[in-house]
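Please read the structure below before turning to the comments.
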Amino acid sequence: MLKSKRTPILPPPSPEKKYEILIDSEQCDGCELCLTFCPKDIIEISEDKFNSRMLHYAIVIKPEECAGCRQCERLCPTVSLYILETEIKEVINNE
Amino acid sequence: MSPSDQISIPPEALGHPLIDMLNLHRFIFCPGCLIGTVITSITSCLKERGLTSKDYAIVSGIGCTGRSSGCFKAPAFHTTHGRAIPFATGIKLANPKLKVIVLSGDGDLFAIGGNHFIHAARRNAEITVLCINNNIYGMTGGQVAPTSQIGDITSTTPYGNVEPPFNLVSLAAAAGATYVARWPGYDTLRLQKSIFKCIDNQGFSFIEVLAPCFVQYGSKNRLGDAVEMLEWLKKQVRIKVDWPPHQATFDFKKGIIICGEFVEEEQEGFSKKIEQLRIKAQNKKIDKLIKDSE
Amino acid sequence: MSKARFQEKRILTTGNYACAEGAITAGCLYFAGYPITPSSEIAAYMSRRLPQVNGTFIQMEDELASITSCFGASYAGMKAMTATSGPGFSLMAESIGLGVMLEAPAVIVTIMRGGPSTGQPTNASQSDVYQTRYASHGDYEIIVLAPSTVQEMYDLTIRAFNLSEKYRIPVIVASDGILGQMMEVVNIHSNIELVERKKPQVPPEKYKPFEAFDDDLVPGMAIAGTNYSFYVTGLTHDIEGNPEMTPEAAEVLIKRLCEKIRKARPQINDWEEKHLDDANIVILAYGINARGVPEVVEQARQKGYKVGLVRLKSLWPFPDELMERIGQMGASKVIVCEMNNGMIIREVQRFRHLFMVSGITIPTTIPFSPKFIYEKLMKEV
């Protein structure tokens, strides 16, 4: 993790949206760029798992904490990581 | 346990938004190298502008970054060493509707291709040049580059480099580029904003992207691995607004790298001027005058 | 194949202008050049004519840029040409290899001048014959045409465009300083056949840039700005354009690149022959130096010597079939006349099992006079 970490411009918290980080373990080469720049430290490199190229790949450890800043998606140099954005439908109670 | 049992996500679940625009099997870069990041940044900008493969062409030279053109699913050209800009100029003049992007390294663009760079900037050819600057020749084994700093250890300067480096931003601005910016490769948000401006710019645009090479530069100068080098780079980067290009310091020894947008002006592009020339030439009176003078 | 219709006319013009006008006739829309004596007039003429036909003229910063931008324009769908001379052609050498590898059609006119180095810029020479063939590194075949009249400067430039479009290869027109500057009458024909490059034969999703379906081994060419996406590289590649570093890939690619030209030799090779049927001695010449030879042949014939003439219009690929035919027809000797230290003569010497080979090879800058050739011929008979 970067020592001089500066919080990137996080999008405003939106309770209606859920973010899911998807990682293609075959494409990932474990370069650690995503976890280095993640403001919430929710990605890690797996220590016991490896892909068919014998590379340890990135895994998500705290999926519920993702705020959707997409820093990891933009940084990923192997196009192996992206964020799936889903809207949570809430029943609006008028009472 | 065989490796195939450990795939966490089935491949079909991967619907990366850029997957249709990239050739994943041609990503041959070292793990942690920011060239891949720059490629995805360009691609996502092109996608956001709604451009498809018939709207743009990618040209690259030789070297690590030279291999990047193959990653795009588009008309992509991997030319000879240093000749990416003339090739791109040819494409642009033959088909002015195309957005032509040159993606190449510092050695390719400024050592062997330096002449082409300054002349393309001078004639304001409407091409976008992204120079991925790693301060060294990566693919050939870490030789000294025109951007290597004084004192740098490379495989051809074992006692330290004695030649002062080019400041690419000042060079581009002096040569007449109409858009000049410098960003660290990890700052993808600002880089993408810059790429949007380049795509829209009616002239020669230049972005220098800092992407440290930990395999050659980092190991020879004891700067650590990919992440440690980014940490080292991040400490030096100072982002400035409206900073004049001649003061865009790039100095590892002082620890100051000024980043930002340095030149942003509107000027008529080269292919527009060629268009006007045609109208002039097709005017019969002028042709007769030229003929008479001969 | 398309036909262009022109008004039939006769004009008095120089070789360089005829060459440039030939290019316009052939549909050339892009010219990138750099001034160099004695080819500068081609650029000057193109700068006036191209904008009139909606073309693009650009004077690049050097020859390296000129030739590379021609390939760029070619891949964006325009017929492109550049013109240069001795030292400039040396600079273009690397990129000729790129053109062969990318299979990009383009025409390179080289107006040969005296060398080596700066040499004699204002004089003619034939000393770049090997350079036109072996300029770039690597194993490749190339097409070189050699005009010897101003009329042929016009005709062969058109032919060069047709050949380059047909076989997707850079074609070189090797003229020389005298021919470029001299004036002669040129007949502009009304009917000229133009060849257009082969288009992709499959839809974009199935397209592979180097997959040749036909017997001529020429793949269909996609251009930038269409729906086709492709990756072309100067690295050894497979049919999809992926860089391949295996020995098999090199063999497959280089064999195809060479074979597509070797196979087409009967269509490419072109020469003029006279009195070959009963000739005992054949004089072989090309370019500006061949202009005095017909007179020598007629003189010798009047004296009763059985002398024939071969004037090559295409130098490379070398017309092996012609040499074999000369041997079969019973000629006992071939005399090669060229203004260099012996280049084409070495190709002819490969057929020494068929006939004797001698040469008048002098690295001079003026073409041989008929009197001089006749004197030399009399020593040989």
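Each chain gets a letter, A, B and so on, in the order its sequence line appears, and its residues count up from 1. Atom set for the values below is all heavy atoms of this structure, side chains included, hydrogens, waters and symmetry mates excluded. The shown structure was predicted, so the numbers you read here are calculated from the model rather than taken from an experiment.
Contact check on C:Glu61 versus B:Arg123 returns a salt bridge, with a Lys/Arg side-chain nitrogen under 4.0 Å from an Asp/Glu carboxylate oxygen.
For C:Thr56, the parts lying near chain B are the backbone and the side chain together; criterion is any non-hydrogen pair under 4.5 Å. For B:Phe270, the part sitting under 4.5 Å from any heavy atom of chain C is the side chain, from C-beta outward, and nothing else. Looking at C:Ala224, the atoms closer than 4.5 Å to chain B (heavy atoms on both sides) sit in the backbone and in the side chain alike. The contact between B:Arg83 and chain C is made by backbone and side chain atoms together, counting heavy-atom distances below 4.5 Å. Contact annotation for B:Leu93: both backbone and side-chain heavy atoms come within less than 4.5 Å of a heavy atom of chain C. Residue C:Leu50 does not touch chain B at all, counting heavy-atom pairs closer than 4.5 Å. Heavy atoms of B:Asp55 lying under 4.5 Å from chain C are absent altogether.
Every residue meeting the side-chain hydrogen bond (donor to acceptor under 3.5 Å, both in side chains) condition with B:His25, not counting sequence neighbours, appears here in chain and number order: C:Asn242.
If you look at C:Tyr75 and B:Phe77, their ring centroids are closer than 6.0 Å.
In this structure, CG on B:Leu277 lies 10.0 Å from CZ on C:Phe57, to the nearest 0.5 angstrom.
Ranked by heavy-atom pairs shorter than 4.5 Å toward chain B, the options C:Ala222, C:Ala32, C:Ala73, C:Gly77 are led by C:Ala73. Counting heavy-atom pairs under 4.5 Å between each of C:Cys70, C:Ser66, C:Gly55 and chain B puts C:Gly55 at the top. Between chain C and the options B:Gly90, B:Ser53, B:Ala88, the largest number of non-hydrogen pairs under 4.5 Å is found for B:Gly90.
For the pair C:Asn227/B:Lys54, a side-chain contact is recorded, criterion being any heavy-atom separation below 4.5 Å from C-beta on. In this structure the side chain of C:Phe230 reaches within 4.5 angstrom of the side chain of B:Pro75, judged on heavy atoms. Within the 4.5 Å cutoff, the side chain of B:Lys280 has no heavy atoms near those of the C:Pro51 side chain. Proximity of B:His116 to C:Leu64: side-chain heavy atoms (C-beta onward) are separated by under 4.5 Å at one or more points. Residues B:Arg67 and C:Pro243 are in side-chain contact: their nearest non-hydrogen atoms beyond the backbone lie under 4.5 Å apart. Looking at B:His78 and C:Val232, their side chains never come closer than 4.5 Å, going by heavy atoms from C-beta outward.
Closest approach of C:Ala76 and B:Ile91 over heavy atoms only: CB-O, 3.8 Å. The two residues C:Gly241 and B:Arg26 come nearest to each other via the heavy atoms C-NH2, 4.3 Å.
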task: Output, in order, the C-alpha distance, side-chain angles, deciding distance and verdict of side chain to side chain contact (heavy atoms under 4.5 Å, CB included) for C:Tyr231 and B:Ser69.
output: CA-CA 8 Å; C:Tyr231 174 52; B:Ser69 60; 3.3 Å; yes
message: As a quick check of understanding, evaluate side chain to side chain contact (heavy atoms under 4.5 Å, CB included) for C:Asn54 and B:Gln282, giving each step before the final call.
response: CA-CA 9 Å; C:Asn54 281 333; B:Gln282 283 159 16; 2.8 Å; yes
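The environment of C:Tyr34 atom OH is sparse: at most 12 non-hydrogen atoms of other residues, nucleotides or ligands sit within 6.0 angstrom. At most 12 heavy atoms of other shown residues, nucleotides or ligands fall within 6.0 angstrom of atom NZ in C:Lys199.
With hydrogens and angles disregarded, no donor-acceptor distance shorter than 3.5 Å links the side chain of B:Arg278 to the backbone of C:Val53.
Among the residues in residues 93-107 of chain C, those with a non-hydrogen atom closer than 4.5 angstrom to a non-hydrogen atom of chain B are C:Glu94, C:Ser95, C:Leu98, C:Leu102.
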